[in-house]
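Below, read A as the first sequence line, B as the second, and so on, with proteins coming before strands; counting in each chain starts at 1. Remember, predicted model here, so these are calculated numbers, not experimental data.
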2 protein chains.
Amino acid sequence: MPNSLHHRAVEHLGNRIVNGTIRPGEIILASSIEDELGVSRSVVREAVRVLASAGLVISTKRVGIRVLPPEDWNPFDPLVIRWRLASGGLGAQLRSLTELRVAVEPMAAELAAEHAPDEFCGELLNLAAQMRHAGRSGDLATFLELDIRFHALVLAASGNEMFANLANPIGETLRGRTELGLMPERPHEEALAWHQAVADAISAHDPQDARDAMEKIMRRTNEEICGVWADKPRLFPTPRI
Amino acid sequence: MPNSLHHRAVEHLGNRIVNGTIRPGEIILASSIEDELGVSRSVVREAVRVLASAGLVISTKRVGIRVLPPEDWNPFDPLVIRWRLASGGLGAQLRSLTELRVAVEPMAAELAAEHAPDEFCGELLNLAAQMRHAGRSGDLATFLELDIRFHALVLAASGNEMFANLANPIGETLRGRTELGLMPERPHEEALAWHQAVADAISAHDPQDARDAMEKIMRRTNEEICGVWADKPRLFPTPRI
DNA sequence: GAGACTTCATGCCTGCACAGATTGGCGTCA
DNA sequence: TGACGCCAATCTGTGCAGGCATGAAGTCTC
């Protein structure tokens, strides 16, 4: 029910917290949310419970609903990722996800070369060919979508559910990058070759080659955009064990 | 409020879904949950909303609350991870997380060597020394806790919030491994040296050495336990983009 | 087979009672 | 006089009960 009051309440509050309209430490009362959104208590309470499970807020008796600082937000929660990407200042989100990609995708390619079912191999080869075609003809929009599907497929072909689950945020990151103009005018010929190499190596069940080729792609990707967050400060929260 | 009815309802339902007592595709009615737990509608509804946000269930009008298959569960949700680790058959969870560690921790060590604040370096050196002491004297319990803190600290020192957020599930995985008897009788002398090398390289701000040393640790870790899941089938859900 | 109708579980609202944390007042003591 | 500790009032989330509205499934009619 994408248009339910519950959905809209979660979306509204989540967005306002993540983009900083409501600041960490601030305390909001359930009744004020009722008034602001014009909804009833039950809707507010259910929304707050969902936000609390994502680490955005905590609700305590006699005090209200306290907005938590970003360190407490679950950076893997799909909702949080979406709100961060939508909040404009996506520096931190982009950096975290890109560094995660650099770490994960070569491993995913390696595992895919060991375990991928045949259908996945065929589809990967297919996508690599289409990417080359779209890339050379300068059709950036379809190239982007093919690129997203390619990387999602490698992640899924690894047979690791956690890797597979990163496909959506990574896809949205790639779309965000293009919107920000962080993508090259047209794909480098090298990049096209590397994607082909990944598909070939996975199809040939050659883990080492698959990892190497994907590592080249990731290294290039990282170089292209690490300038964006060079100035963004890193956060070092002390681990709570 | 760890003892609220809401908390208990989420915990009860989540556990029963993840450990298979309630099977995917099954449909449960909100009223039946009320009866079973002896709670009111509001508690059930709030719990269902939280479970739905973790991908465990979906609730539809005129139908009820449908339990979703494991492919739909968010493998990064802390609740899901906890329930899976608790559900005994932790094969899949252990494999996913270990493969993720193998991918992420060397990268985390590299980033830590570039960005870690001085306090982190000191603490890392401190922990490495304590680990060697505990390891040689055969005190496995404290060695385990030191090991968990060491890896959590490296992840935090990377300055990547997603990496830092993996510390808790990884820690619980390590505890789970020991409970299953998957840890070596006493830590290898090599492993102790490698941890020291990681701490040294990060303190010396040498990214390449830090990555290499951590890679050795991870390679060994992976070898030690990959036999556990050799027979577990991998799942290859087609990506939904 | 297409469309209207019935059915029924969730969606949403409201009033009420309870529990527990904060706050401020009060009394005591140094 | 000022600081401390205790206790009660107060405020807000938690949980309960019941009601109507909504809309998807299934049924029936044509």
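Phosphate proximity of D:dT14 to A:S59: present, with a side-chain N or O under 4.0 Å from OP1 or OP2. Applying the 4.0 Å criterion to OP1 and OP2 of C:dC12, one finds that A:R45 has every side-chain N and O outside that range.
One atom, CG of A:L37, and another, C1' of C:dC12, lie 14 Å apart when rounded to the nearest Å. Summarising the geometry, the separation between CG on B:L29 and C1' on C:dG11 is reported as 15 Å, rounded to the nearest angstrom. If you take CG of B:L5 and C1' of C:dC18, they are 12 Å apart, rounded to a whole angstrom.
Among the heavy atoms of the strands, none lies under 4.0 Å from A:S31. Across all strands, A:S42 comes closer than 4.0 Å to base atoms (heavy-atom distances). Among the atoms of the strands shown, none is found under 4.0 Å from any heavy atom of A:R66.
With hydrogens and angles disregarded, no donor-acceptor distance shorter than 3.5 Å links the side chain of B:D77 to the backbone of B:A54. The main-chain N or O of A:N15 is found under 3.5 Å from a side-chain atom of A:N19 such that the two form a donor-acceptor pair.
Between B:H151 and B:H195, the ring planes lie perpendicular to each other; the angle is over 60°, past the 30° to 60° tilted range.
Taking only side-chain atoms of A:A30, from C-beta outward, the nucleotide of D:dG13, C:dT10, C:dT14 with the closest atom is D:dG13.
With hydrogens and angles ignored, a donor-acceptor pair closer than 3.5 Å exists between the side chain of B:R41 and the base of D:dG18. The base of D:dT14 has none of its N or O atoms less than 3.5 Å from a complementary donor or acceptor on the side chain of A:K61. Contact of B:R62 with C:dG11 (side chain to base): no donor-acceptor pair of N or O atoms is detected under 3.5 Å.
Heavy-atom distances to DNA chain C give each of A:G38 and A:V63 a nearest nucleotide, and the one nearer the 5′ end belongs to A:G38.
Side chains of B:E11 and B:W83: a donor-acceptor N/O pair is present below 3.5 angstrom, by distance only.
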